[in-house]
Amino acid sequence: MKRVLKLIRLIPVVLLFIVNQVNAQQGGMWIPSLLEGMNETEMKSLGSQLSAKDIYDINNSSLKDAIGHFNGGCTSEMISPKGLILTNHHCGFGQIQSHSSIEKDYLKNGFWAMSLDDELPNEDLYVDFIVRIEDVTSAVLDNVEETMTEEEKQIEISKNIKSVEEAAKKEEWQKTKVKAFYKGNQYYLFIIDRFEDVRLVGAPPTSIGKFGSDTDNWMFPRHTGDFSVFRIYADANNRPAKYSKDNVPYQPKHFLPVSLDGVSEGDFTLVFGFPGRTDEYLPAVAIEHITQEYNPSNITIREAALKVIDAQMKIDDAVRIKYASKQARIANAWKKWIGENLGIEKTNAIENRKAFETTFTKAMKEKGLEEKYGHILPQFNTLYKDFAEINIKRRNFLEVFVVTNELMKMTYRSYQLENKIKENPEEFEKHIAWIKGQLNGVHKNYDVNVDKAVFKSVMPYYTKDVDASIYKKTAFTDLKSALSLFNGNAKQVLKKLNNDAAYAYAKPMINNYYKEVNVGYQDKKMHIDALQKEYMHALMDVLPQARYFPDANGTLRITYGQVKGYSPRDGVYYNPVCYLEGVMEKYIPGDYEFDVPQKLQDLYNNKDYGQYADTNGKVPVCFLGTNHTTGGNSGSPTIDAYGNLIGLNFDRVWEGTMSDMNYDPEICRNIMVDLRYVLFIIDKYAGATHLIDEMKLVHPKKK
Ligand code: ARG
Ligand code: GLU
């Protein structure tokens with residue numbers, strides 16, 4: 001273990017995988033506290049003027065102090081000394097929606113608080129900042145012996161993590177969290193400031209913030225102003241605090257100045273954020289399983305659901321509004337998986353990974369390590385063969401019972417309720433409040449005819465027993481009768497519930513999922529994970545010169561690159577920057593995806609661009625980079641060579657979404673909104689000039 005740790009720290013500048021012998025810039029999501037050496041050198045070679053300490057420092061303020069984990073799923077950044085933060089429109093979507101009504105349709109019309117008093121508080125919204133990162137590997141792996149079973153190891157590790165989190169030195173308001181890196185070969189502790197008074201300040205209309213919607217999602221050229229603005233409030237001591245009207249705008253340790261000079265091809269780009277999950281060190285057999293079995297089965301189910309939902313949304317306006325967010329969620333991953341498969345195929349990723357495994361095996365033998373690691377790859381083959389069926393079955397269950405069909409989702413939640421009541425009867429009232437919250441959530445945007453059609457189309461992917469007649473007999477399809485199932489004492493509730501036709505139909509399947517499918521899945525997954533941990537260790541031991549970054553795990557990372565176009569197909573090349581002209585080219589009056597607000601058209605027609613046009617006289621909208629990003633990097637700042645904000649990350653190109661398993665510098669690109677478009681919309685479109693005045697606008701290229 002010690003040796004591997006040392007290797008990780010001393011990785012020289014070489015290649016990601018030896019087979020991938022290109023001297024182009026490589027991918028990687030790096031831990032900000034470990035940039036000295038290889039990363040710093042590589043960043044400089046790409047044009048950066050930043051030192052490792054400019055990015056992460058615990059004694060002085062640094063860029064990391066401006067980066068906030070937005071509600072656990074997205075990223076945001078400080079852009080003013082008075083607590084202003086920026087994130088994506090799709091990251092703030094839930095908050096914007098929750099303040100919206102027919103009378104105040106902020107989704108449709110946008111929202112702008114013209115003074116602090118107008119800013120809107122949000123329940124349950126929080127932003128985390130990382131105060132410090134510490135390597136706690138030896139404490140976490142203390143007493144974890146090779147002779148233990150996998151279960152015993154996991155129990156010991158969890159125990160150790162708990163004591164590390166509890167013993168960490170921290171201020172009383174701070175939180176701590178230990179996370180596994182390199183598949184559990186390393187552990188880091190994070191000390192966190194969590195701010196819970198975060199108010200909505202501004203959002204463009206959907207026709208700007210989600211322009212192009214699903215048609216343009218995961219695509220370039222892209223013309224979406226995918227941003228929203230919030231403000232963090234703190235207590236009188238500038239510390240995190242729950243919402244209070246007495247709180248004041250937070251004064252951050254650092255905020256990002258905004259560059260007005262924009263980007264050109266080849267410019268250095270640093271994306272700083274909280275990527276959620278990647279799997280870069282999978283064996284070929286795993287990529288085969290994912291792209292040839294797992295993705296296709298998920299794509300098929302979602303396609304079946306989307307076919308019904310899309311058709312209904314087109315003919316019925318009420319359905320269109322109700323299903324907007326649900327449909328976007330289903331379609332987002334559906335389209336991503338298709339792109340992921342395309343990219344894997346186009347780049348021969350599976351063949352390449354197999355060739356890499358041959359290289360690995362040869363080096364392993366040359367180093368006399370066959371006895372130690374020779375079992376790993378063959379064992380992956382056996383384990384994945386055994387895992388494939390249950391993995392798909394489990395996922396199919398989730399797709400049907402949680403993602404697509406809402407009657408099944410309500411029965412699934414009711415099953416959980418039944419368990420809660422049995423396990424914890426003294427908290428009955430709390431459980432009832434919970435299930436009622438779930439039902440209200442579903443019925444807020446429910447259409448029984450759409451749901452029934454979805455049921456008929458997706459259910460056959462899970463069972464032969466498709467009985468749509470339950471829709472006529474169940475109480476769940478109507479909110480009032482659904483809620484009344486849960487009135488009464490525990491005995492009465494459980495009796496009513498078990499007599500409900502839909503519940504009676506679904507319960508045996510849910511039961512089977514919990515007792516067999518999920519249990520079998522967890523057991524097989526645990527062994528795959530344990531082998532993946534061994535493989536990670538073996539890779540670093542056998543091929544120590546390769547460059548290894550830990551897979552994304554929702555922790556703070558940097559990924560660096562350059563502004564760059566790409567060629568998705570023969571004869572096609574995408575320029576790295578696109579402009580407001582493209583918004584007008586795509587404009588379809590009244591269309592739900594491509595309408596353009598009149599005010600924006602006027603600004604365009606009058607070329608009323610203020611200080612936000614490029615040297616060519618055009619307003620840039622989005623640009624492409626070679627940064628290695630994933631879900632969770634939404635809202636991440638794109639920072640220039642000097643530490644200024646130039647863009648807001650929000651997506652990747654279609655063929656490049658395979659970067660979660662196989663980053664390829666040829667076609668993997670992230671998509672960012674140009675910050676000048678953000679400022680242009682805030683200033684010229686919304687007239688919220690007081691926000692611009694709070695920021696620090698700079699001209700780094702005009703020095
Ligand atoms: N594809 C981006 C992401 O994965 C953007 C999603 C929001 N936009 C949409 N059209 N659904 O989150
Ligand atoms: N839109 C994604 C998100 O919400 C980021 C795009 C990606 O997966 O790269 O995190």
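Counting starts at 1 for both ligands and their atoms, following the listed order. Given the structure is predicted, the values throughout are model-derived calculations rather than measurements.
For F274, no heavy-atom contact with ligand 2 is shorter than 4.0 Å.
At a 4.0 Å cut-off, not a single heavy atom of K336 sits close enough to ligand 2 to count as contact. Using a 4.0 angstrom heavy-atom cutoff, G632 counts as in contact with ligand 2. Remark: distances from the non-hydrogen atoms of G631 to ligand 1 are all 4.0 Å or more.
Within the listing of ligand 1, atoms 1 (N), 2 (C) sit less than 4.0 angstrom from a heavy atom of D651. Atoms of ligand 2 found under 4.0 Å from any heavy atom of H90, numbered from 1 in the order shown, are 1 (N), 3 (C), 4 (O). Which parts of ligand 2 touch F650 is read off a 4.0 Å heavy-atom cut-off, strictly below it: atoms 1 (N), 2 (C), 5 (C), 6 (C).
For atom 7 (C) of ligand 2, the closest non-hydrogen atom of the protein is R652 NE, 3.3 Å. The protein non-hydrogen atom at the shortest distance from atom 10 (N) of ligand 1 is S213 O, 3.4 Å. Nearest to atom 6 (C) of ligand 2 among the protein's heavy atoms is D651 CA, 3.5 Å.
Between F211 and F594, a ring centre-to-centre spacing shorter than 6.0 Å is recorded. Taking the six-membered ring for Trp and the full ring otherwise, Y548 and Y182 have centroids separated by 6.0 Å or more. Ring centroids of H89 and F227 are separated by 6.0 Å or more, keeping the two rings apart.
Considering backbone and side-chain N/O of C74, none are found under 3.5 Å from N/O of ligand 2. Considering backbone and side-chain N/O atoms, N217 comes within less than 3.5 Å of an N/O atom of ligand 1. Residue-to-ligand polar distances keep N649 apart from ligand 2: every N/O pair is separated by 3.5 Å or more. The shortest N/O to N/O separation between K210 and ligand 1 does not fall below 3.5 Å.
Between K314 and D310 there is no salt bridge, since no side-chain N of the basic residue sits under 4.0 Å from a carboxylate O of the acidic one. Using a 4.0 Å cut-off between charged side-chain N and carboxylate O, E593 and K586 make no salt bridge.
Among T657, T215, N332, D216, the residue whose heavy atom lies nearest to atom 4 (O) of ligand 1 is N332. Looking at S634, S636, A333, it is S634 that brings a heavy atom closest to atom 3 (C) of ligand 2.
Counting only distance, with no hydrogens or angles, the side chain of T87 and the backbone of T75 share a donor-acceptor pair below 3.5 Å.
Scored by the disulfide bond (SG atoms under 2.5 Å apart) test, C622 finds no partners at all (sequence neighbours excluded). Y461 is linked by a ring-ring contact (aromatic ring centres under 6.0 Å, His included) to nothing, counting only residues two or more places apart in sequence or in another chain.
Note: W30 and F549 have perpendicular aromatic rings, judged against thresholds of 30 and 60 degrees for the angle between ring planes.
Considering K335, R222, K336, R669 in turn, R222 is the only one that fulfils the salt bridge (Lys or Arg N to Asp or Glu O under 4.0 Å) rule with D651.
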